[in-house]
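Step one of this worksheet: look at the structure below.
Convention: sequence-line order gives letters A, B, ...; per-chain numbering from 1.
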Number of protein chains: 2
Amino acid sequence: MDDVFRAIADPTRRAILDELVDRNGQSLFEICARLTMKHGITSTRQAVSQHLDVLEAAGLVESRREGRFKFHWFNAQPLKAIVARWPEPRPKPDQS
Amino acid sequence: MDDVFRAIADPTRRAILDELVDRNGQSLFEICARLTMKHGITSTRQAVSQHLDVLEAAGLVESRREGRFKFHWFNAQPLKAIVARWPEPRPKPDQS
DNA sequence: ACAATAGGCAAGCGTACGCTTGCGTGTCAA
DNA sequence: TTGACACGCAAGCGTACGCTTGCCTATTGT
């Protein structure tokens with residue numbers, strides 16, 4: 001659970017999730033290309049690969065190796081626990 | 001929006017939100033006491049104060065000064081945009 | 001076979017972050 | 001008035017994080 005919060009703390013990783021939602025099952029190179037094209041992120045392939053490792057450790061991304069490609073899929077389930085954690089408390093009283 | 005992700009990335013700040021949900025409108029000292037009692041967090045008052053600044057910058061906490069006390073209230077609204085950001089994409093195909 | 005492609009591993013670097021420490025400010029009570 | 005209490009400000013420190021660089025492995029195509 002801690003890993004999920006850490007994973008979505010970085011803007012580049014959030015952009016990766018955005019791109020996987022837009023097109024699921026991308027390879028590492030596809031993700032790199034989309035990050036530079038659509039988000040202006042010029043990070044190296046290794047940097048993106050490390051981000052994907054963090055996302056995968058958080059359960060937000062699943063991957064599968066096929067030949068020389070490694071495809072990545074988004075998994076939204078860990079995010080749902082975030083909002084469920086903090087229910088609405090008694091509201092703040094107005095100053096009077 | 002970026003501030004929200006950064007704010008909930010830290011476990012101490014998440015514990016602060018937990019305590020504010022449990023009892024809304026606490027002062028800084030109350031929060032410090034609860035963190036040590038219920039979470040084993042021994043951070044200084046200044047550390048907790050800085051955490052509250054981050055939470056307030058993210059819109060997750062509102063505060064009001066009354067006399068020599070500063071009371072804090074939780075605001076869950078910024079959290080709702082998180083789950084709404086990443087809708088469920090086409091699912092990952094099973095290997096066959 | 002051999003070159004090109006897709007990706008992995010590990011070390012190093014700079015910065016940001018969480019935290020402490022020391023001191024200052026304002027409020028309340030005796 | 002004076003001391004105690006609740007909190008703020010700012011500088012410094014150590015660590016973790018994001019990123020690069022260099023080199024290596026494996027798969028594909030010609």
- Query: Do we get R45(A) above F29(A)'s six-membered ring, with its NZ or CZ under 6.0 Å from the centre and within 45° of the axis?
  - Reply: no
- Query: Nearest to the side chain of F69(B) - dT20(D), dT20(C), dA6(D)?
  - Reply: dA6(D)
- Side-chain atoms of A47(A) come closest, of dC7(D), dA6(D), dC19(D), to dC19(D)
- Query: Quick one: D53(B) CG to dC7(D) P, roughly how many Å, whole number?
  - Reply: 13 Å
- Message: Just so I know, are the side chains of L79(B) and F74(B) near enough to count as touching, which here means a heavy-atom distance under 4.5 Å?
- Response: yes
- Comparing Q50(A) and F71(B) on DNA chain D - which has the more 5′ nearest nucleotide: F71(B)
- Query: Which listed nucleotide (dG18(C), dC28(C), dA6(C)) is nearest to the side chain of D10(B)?
  - Reply: dG18(C)
- Determine: side-chain N/O of R6(A) to OP1/OP2 of dG18(D), distance under 4.0 Å, yes or no. yes
- Message: Is it true that H72(A) and E30(A) share a donor-acceptor pair across their side chains at a distance under 3.5 Å?
- Response: no
- Task: Would you check if F5(A) and P11(B) make a side-chain contact, meaning some heavy-atom pair closer than 4.5 Å?
- Result: no
- Atom NE2 of H51(B) and atom C1' of dG8(D): how far apart are they, to the nearest Å? 16 Å
- Task: Give a yes or no on whether a donor-acceptor pair under 3.5 Å exists between the nucleobase atoms of dG7(C), that is its base, and the side chain of R45(A).
- Result: yes
- Query: Can you find a side chain N or O atom of R13(B) that sits less than 4.0 Å from OP1 or OP2 on dG18(C)?
  - Reply: yes
- Would you indicate which nucleotide in dA6(C), dA11(C), dA29(C) comes nearest to any side-chain atom of R68(A)? dA6(C)
- Message: Would you say T44(A) places a side-chain N or O within less than 4.0 Å of OP1 or OP2 belonging to dC19(D)?
- Response: no
- Just how far, in rounded Å, is P of dC9(C) from CG of L52(A)? 13 Å
- Query: Between T42(B) and dC19(C), does any side-chain N or O lie under 4.0 Å from OP1 or OP2?
  - Reply: no
- side-chain N/O K70(A) vs dA6(C) OP1/OP2, d < 4.0 Å: no
- Tell me: CD1 of I41(B) to C1' of dC19(C), nearest whole Å? 13 Å
- Whole-Å distance separating the CG atom of L35(B) from the C1' atom of dC19(C): 14 Å
- Message: Would the base of dT27(C) count as contacting E66(B) through its side chain, where contact means a donor and an acceptor less than 3.5 Å apart?
- Response: no
- Item | For atom CZ of R65(A) and atom P of dA26(D), their distance in whole Å | 10 Å
- Message: Without decimals, in angstroms, what is the distance between E56(B) CD and dC7(D) P?
- Response: 13 Å
- Task: State which of dT21(C), dG8(C), dA10(C) makes the closest approach to the side chain of Q46(B).
- Result: dT21(C)
- Task: Respond yes when some side-chain nitrogen or oxygen of T12(A) is under 4.0 Å from OP1 or OP2 of dC19(D), and no when none is.
- Result: yes
- Salt-bridge test for D2(B) and R14(A): reply yes if a basic N is under 4.0 Å from a carboxylate O, no otherwise. yes
- Measure the distance from CZ on F29(B) to C1' on dA4(D) and round it to the nearest whole Å. 11 Å
- Between the CG atom in N75(A) and the CD atom in E56(A), the distance rounded to the nearest 0.5 Å is 11.0 Å
- Can a side chain N or O of S49(B) be found less than 4.0 Å away from OP1 or OP2 on dG8(D)? yes
